[in-house]
Structure formats: C-alpha cells, structure tokens
Amino acid sequence: MQCVTLLIVSLLWTSAHTAPQMSDMQLERTLADRVMMQRHIKCALSEGPCDPTGMRLRTLAPLVLRGSCPQCSSQETRQIRRTLAFVQRNYPWEWTKIVRQYG
C-alpha cells in the first residue's frame with residue numbers, strides 16, 4: 001500500500017483525536033453505505049468536507065500504511081487496514097486517485 005502525506009499535521013491531529021472510536025459493527029455499516037463511503041473518499045481526496053471519522057481516517061491511514069502508528073489502538077489499525085482494503089477492492093477508480101495523489 002502507498003504512503004499518504006499528512007496535511008497540516010497539527011490541525012488534523014487535533015481534529016482526529018476528538019473523534020470517538022468506531023465499533024466494528026459501525027464500521028461494517030459504514031462500509032456497506034455507498035453514500036457514506038463516497039463522502040469519506042472525497043474527504044481523503046480533499047474533494048469534499050470531512051466529518052470527524054473521515055478526518056481521523058485521513059490522518060491516521062498514512063501511519064498505518066507505513067506500518068507504524070504509535071497513537072493508533074490495535075482496533076483502529078485493524079479497522080483502517082480493513083477500510084483501505086475495502087476501498088481498493090470496491091472503489092478501484094477512487095483507489096487509483098488516492099494512490100496517485102498521495103503515493
């Protein structure tokens with residue numbers, strides 16, 4: 001997987017740590033919701049607004065991809081990997097754009 005550059009780290013860091021952690025059941029519901037996934041993908045691509053969950057994903061995913069996210073819980077790391085794999089499989093065009101933008 002590709003590394004993603006962090007944008008305005010201090011702002012993202014503050015925003016990311018205000019978001020509550022998502023349960024595995026919530027994650028599965030989000031992954032099944034195409035509208036919600038499109039919002040998160042647009043957030044990742046800086047093409048749309050980010051909610052706290054999208055901001056957290058956008059902030060922490062690069063660290064997970066690098067294999068080191070000291071501030072991530074094991075649940076967050078697993079969920080982010082699950083989400084990135086899901087996007088890669090189910091949104092290949094968007095995944096290509098993400099890789100192109102951040103790779």
Side-chain angles (χ1 to χ4, degrees):
M1 294 194 178
Q2 306 298 323
C3 292
V4 182
T5 6
L6 296 175
L7 305 171
I8 313 170
V9 176
S10 60
L11 174 62
L12 296 179
W13 183 259
T14 302
S15 298
H17 287 299
T18 61
Q21 287 192 10
M22 183 180 281
S23 72
D24 288 338
M25 187 178 295
Q26 289 171 310
L27 175 63
E28 292 306 317
R29 281 195 300 262
T30 299
L31 294 176
D33 183 341
R34 293 195 63 80
V35 172
M36 182 65 69
M37 286 304 299
Q38 287 294 333
R39 284 187 199 143
H40 288 309
I41 290 168
K42 285 182 185 284
C43 166
L45 292 169
S46 301
E47 294 176 355
C50 294
D51 65 9
T53 301
M55 186 65 72
R56 188 160 182 84
L57 176 63
R58 185 167 113 179
T59 303
L60 297 179
L63 300 172
V64 171
L65 289 170
R66 286 186 196 119
S68 175
C69 182
Q71 65 270 35
C72 296
S73 69
S74 60
Q75 177 184 8
E76 286 174 313
T77 300
R78 184 175 38 76
Q79 288 179 341
I80 291 169
R81 285 185 179 151
R82 166 91 171 94
T83 300
L84 294 174
F86 183 86
V87 170
Q88 189 174 13
R89 274 192 321 276
N90 295 286
Y91 297 88
W93 174 250
E94 291 86 346
W95 177 254
T96 300
K97 286 174 69 175
I98 290 170
V99 170
R100 196 175 317 131
Q101 181 170 335
Y102 296 113

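Keep in mind the model is a prediction, meaning the values are calculated, not measured. Computation of the quantities below employed the complete heavy-atom set of this structure, encompassing side-chain atoms and omitting hydrogens, waters and symmetry-equivalent molecules.
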Query raised in the report: Side chains of E76 and R56: closer than 4.5 Å at any heavy-atom pair?
Result: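 Side-chain contact under 4.5 Å: yes.
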Could you pull out all residues at least two apart from [X] that satisfy side chain to side chain contact (heavy atoms under 4.5 Å, CB included)?
X: D24; value: Q75, R78, Q79
X: S74; value: none
X: C50; value: C43, M55, R58
X: S23; value: M25, Q26

Requested in this report: Please list all pairs passing the salt bridge (Lys or Arg N to Asp or Glu O under 4.0 Å) test where one or both residues lie in residues 26-47, with sequence neighbours left out.
Outcome: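 Non-adjacent pairs meeting salt bridge (Lys or Arg N to Asp or Glu O under 4.0 Å): E28-R82, E47-K97.
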Report task. Enter the distance from T30:OG1 to F86:CZ here, rounded to the nearest 0.5 Å. Result ->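 These two atoms lie 10.0 Å from each other.
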Requested in this report: Using the test side chain to side chain donor-acceptor pair (under 3.5 Å), find all partners of T77 that sit at least two apart in sequence or belong to another chain.
Outcome: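 For T77 there are no side chain to side chain donor-acceptor pair (under 3.5 Å) partners, ignoring immediate neighbours.
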Report task. Compare every heavy atom of W95 with every heavy atom of L84, then report the nearest pair and how far apart it is. Result ->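 For L84 and W95, the tightest heavy-atom pair comes out as O-CZ3, 3.8 Å.
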Query raised in the report: Under the side chain to side chain contact (heavy atoms under 4.5 Å, CB included) criterion, do L31 and M36 qualify, and how do the steps go?
Result: CA-CA 8 Å; L31 294 176; M36 182 65 69; over 6 Å; no
